[in-house]
Amino acid sequence: MLALLLSSFLLTGPTLPPTDWRTPFEKGNGNTTTTHAECISYYQQLDAAYPEVQLREVGSTDSGRPLHEVVVSLDGDFEPASLRGKSKRVVFIQNGIHPGEPEGIDASMMLARDYVQKKELRRQLADVVLVFIPIYNVDGSLNRNSTTRTNQNGPESYGFRGNARNLDLNRDYIKQDSRNARSFAQLFQRWQPDIYVDTHTSNGADYQYTMTLIATQKDKLHPALSQYLQQKLLPSLYGGMDQKKWYLTPYVDFEGRTPDARGLVGFLETPRYSTGYTTLFNTIGFVTETHMLKAYTPRVKATYDFLDLLIKTVHQDAAAIAQARATAAEQTRTQQQFALGWRLDTTAAERFSFRGFEGKTKPSEVSGLPRLTYDRKTPYTKSIPYYNTFRPTATVQRPRAYVVPQAWGEVVDRLRLSGVQLRQLPADTTISGEVYYIQDYKTSPRPYEGHYLHSQVQVRPVRQSLPFLRGDYVVTLSQPAARYLIETLEPQATDSFFAWGFFDSILQQKEHFSDYVFEDIAAELLRRKPELRAQLEAKKKAEPAFAASAQAQLDWVYRQSEHYEPSYLRYPVLRVL
């Protein structure tokens, strides 16, 4: 008998316990989130067990740890170019940009598992590929604590908003100060996703919703994509979430910053933000914002259900999404006018049925002054205006190309990371085109995300022929990155490289004059040019302060002379018309 049992054991091997596929969140008490190590380990197990899942390192982060991606592809093909050739729609889900807002981290782990284990979900991957960034801000996720999200109801511990350089990565998509952002740009350009999702937790007002939603601002999105978003995708998502009892609202930013629900204002995501950047490449973007005061478990479940519903909708609408993106790409290649700034149109509003709590005031125990409070015993549902129409404040005519001197290497590096096609001049040459002289700008008095940001930029265009060197870069606009190029290389654009300070050295004059020497040169110049003398006298009559300042008058003459440096305040990027 013993010999029989031994023989049976040798033939069949030991009986192993089944793999426990519960995530750390599911194993916990409903108020815990996975650590970075647990998250990557879990995806490693999925990768080992399922040929449809691949985990790989895709770049570096400021913490020194790698950035990972997880790809879920039903046929085991994990290469973006190959999958595009098969007309697969790509849904790209980024988690943990703010690691103190970790719902998406936990929801995506469960989602990836379920999509390979459940037959009914696997069917939705017939024409859809899922790409996850498990935790984008690896640096902040390692800085774990239980106190910095003061206003948030769980989980028990979580990561920190800033990365290893104390940067908010959701302001870094254009300037790319962090290695995280540079790795992201390369990964995004490889995949060129159809739909992008960035998962968050909200701050701000109290209301009945567990989740609020930021969709790509409709007026900034290409019309073909905007039409699909407004008429099909958003109605499907709102209706589907309603059926699951996760009622959705646009992100809650009250008009007038008051709690009396006079109206909601749409979020204008400029390219510094994740969905502002992805929109430049005709990708529809969403930011999910679960409500900070709701318990952690329903926040995770709402995020899971939204992502699941989105994937299902993309599967159903795969052909329509492909057609809308193709139309947008083709028309962007020939688009002539581009907006550089936007303003909310307060005369245009749609109605939205909002589920809120009455906002009231009571005396503060700290200051004794009135303070805001929300009364959850008095919920309401009422129709309010939703202001989500933005109008361009400035536009620019598309040039044929830009010429970027190689001296501006930080700019060139960022163009490359965002998929821009560059051609270097084979020899020194002179090129005619349009250059800008910076006429005026405002600079923030305090640093913002490591920069003193410029705004209200005014330029004076001038036709010039300028010398360029062998190795300088010609950047044509007949490429998919055309809109990205406009918004980064036109200095008036909100998040241009000029606005972020990459060209600040042109704002400083390098040569000047000694008054006692230039006095004689200026006098001789005025004798030789009576018309210049006439202009000086007219300016003195019109401006008493100028007439009273010998230095101001001498400087004015200097600026009209051949001695004044022509490159001062000249933006170095040439527009080829």
Side-chain angles (χ1 to χ4, degrees), residues 174-176 182 185-186 189 271 277 280-281 329 332-341 394-441 454 457-511 564-577:
I174 284 294
K175 60 187 179 70
Q176 294 175 0
R182 295 193 284 274
Q186 292 176 295
Q189 294 302 327
Y277 174 84
L280 300 181
F281 301 94
T332 301
R333 288 178 184 273
T334 58
Q335 183 177 337
Q336 294 302 306
Q337 290 287 331
F338 288 84
L340 297 179
T395 59
V396 69
Q397 180 73 20
R398 169 202 197 107
R400 282 179 52 208
Y402 294 104
V403 184
V404 183
Q406 60 195 296
W408 304 94
E410 286 186 313
V411 168
V412 172
D413 289 345
R414 283 156 177 77
L415 296 180
R416 282 200 179 103
L417 289 169
S418 289
V420 173
Q421 301 161 20
L422 304 167
R423 178 175 64 85
Q424 289 187 279
L425 293 173
D428 296 355
T429 187
T430 297
I431 303 177
S432 298
E434 182 179 73
V435 295
Y436 292 133
Y437 282 86
I438 306 299
Q439 293 284 84
D440 195 15
Y441 58 94
H454 303 312
V457 179
Q458 298 178 26
V459 300
R460 175 171 58 90
V462 177
R463 295 288 185 97
Q464 286 185 357
S465 296
L466 296 177
F468 289 93
L469 301 176
R470 177 174 59 87
D472 288 345
Y473 294 91
V474 176
V475 189
T476 65
L477 272 290
S478 57
Q479 59 176 297
R483 186 174 174 189
Y484 166 84
L485 288 166
I486 293 284
E487 298 230 18
T488 55
L489 295 182
E490 292 292 331
Q492 317 94 298
T494 304
D495 280 332
S496 68
F497 289 133
F498 177 84
W500 282 104
F502 286 91
F503 293 101
D504 274 7
S505 55
I506 70 165
L507 304 177
Q508 182 181 18
Q509 196 170 339
K510 293 299 182 289
E511 301 281 7
Y564 183 66
E565 60 195 75
S567 60
Y568 177 46
L569 296 178
R570 185 173 67 198
Y571 182 61
V573 177
L574 180 74
R575 287 167 46 90
V576 180
L577 304 176

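- V435 has its side chain out of reach of Y571: every pair of non-hydrogen atoms, C-beta onward, lies at least 4.5 Å apart.
- Under the 4.5 Å side-chain criterion, counting only non-hydrogen atoms from C-beta, V403 is not in contact with V573.
- The shortest heavy-atom contact between Q176 and A185 is NE2-CB, 3.5 Å.
- Annotation: the span from L489 atom CG to L477 atom CG amounts to 9.0 Å, rounded to 0.5 Å.
- Atom CD1 of I431 sits about 5.5 Å away from atom CZ of F468, to the nearest 0.5 Å.
- With Q336 contributing its side chain and T334 its backbone, the two residues share a donor-acceptor pair below 3.5 Å.
- For the atom pair CZ (R463) and CG (L577), the distance works out to 5.0 Å, reported to the nearest 0.5 Å.
- At a threshold of 4.5 Å between non-hydrogen side-chain atoms, the residues S496 and I174 do not count as touching.
- Distance check, rounded to the nearest 0.5 Å: OG1 of T430 to CG of L466 gives 8.5 Å.
- A donor-acceptor pair is defined here as one N or O able to donate and one able to accept, closer than 3.5 Å; such a pair exists between the side chain of R398 and the backbone of Q335.
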After noting the C-alpha distance and the side-chain angles of L340 and I486, does the key distance pass the side chain to side chain contact (heavy atoms under 4.5 Å, CB included) rule? CA-CA 8 Å; L340 297 179; I486 293 284; 3.8 Å; yes
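- A donor-acceptor contact shorter than 3.5 Å links the side chain of D472 to the backbone of Q406.
- Among F281, F338, Y402, the single residue meeting the ring-ring contact (aromatic ring centres under 6.0 Å, His included) criterion with Y484 is F281.
- The side-chain heavy atoms of Y473 and L415, taken from C-beta on, include no pair separated by under 4.5 Å.
- V412 has its side chain out of reach of V420: every pair of non-hydrogen atoms, C-beta onward, lies at least 4.5 Å apart.
- The heavy-atom pair separating G471 from Q424 by the smallest distance is O-NE2, 2.8 Å.
- The backbone N or O of V576 sits nowhere less than 3.5 Å from a side-chain atom of R400 that would complete a donor-acceptor pair.
- Classified by interplanar angle (parallel below 30°, tilted 30° to 60°, perpendicular above 60°), the ring pair H454/F498 is tilted.
- Here the side chain of R414 pairs a donor or acceptor atom with the backbone of K175 at under 3.5 angstrom.
- The backbone N or O of A482 lies less than 3.5 Å from no partner atom in the side chain of R333, so there is not a single donor-acceptor pair.
- Judged by distance alone, with hydrogens and angles left aside, the side-chain atoms of Q492 form no donor-acceptor pair with the main-chain N or O of V457 at under 3.5 Å.
- For the side chain to side chain donor-acceptor pair (under 3.5 Å) test with Y437, the passing option among R460, Q458, Q464 is Q464; the others fail.
- A 4.5 Å side-chain heavy-atom check between R575 and Y436 finds at least one atom pair inside the cut-off.
- A 4.5 Å side-chain heavy-atom check between T488 and D495 finds every atom pair outside the cut-off.
- With values rounded to the nearest 0.5 angstrom, E565 atom CD is found 10.0 Å from R570 atom CZ.
- Between G419 and Q189, the shortest heavy-atom distance links the atoms N-CG, 3.8 Å.
- Side-chain atoms of D428 come within 3.5 Å of backbone atoms of R470 as a donor-acceptor pair (strictly under, hydrogens ignored).
- For F503 and F497, the gap between ring centers reaches or exceeds 6.0 Å.
- By the 4.5 Å heavy-atom criterion applied to side chains, R423 and T476 are not counted as neighbours.
- The CD atom of Q337 sits 4.5 Å away from the OG1 atom of T395 when rounded to the nearest 0.5 Å.
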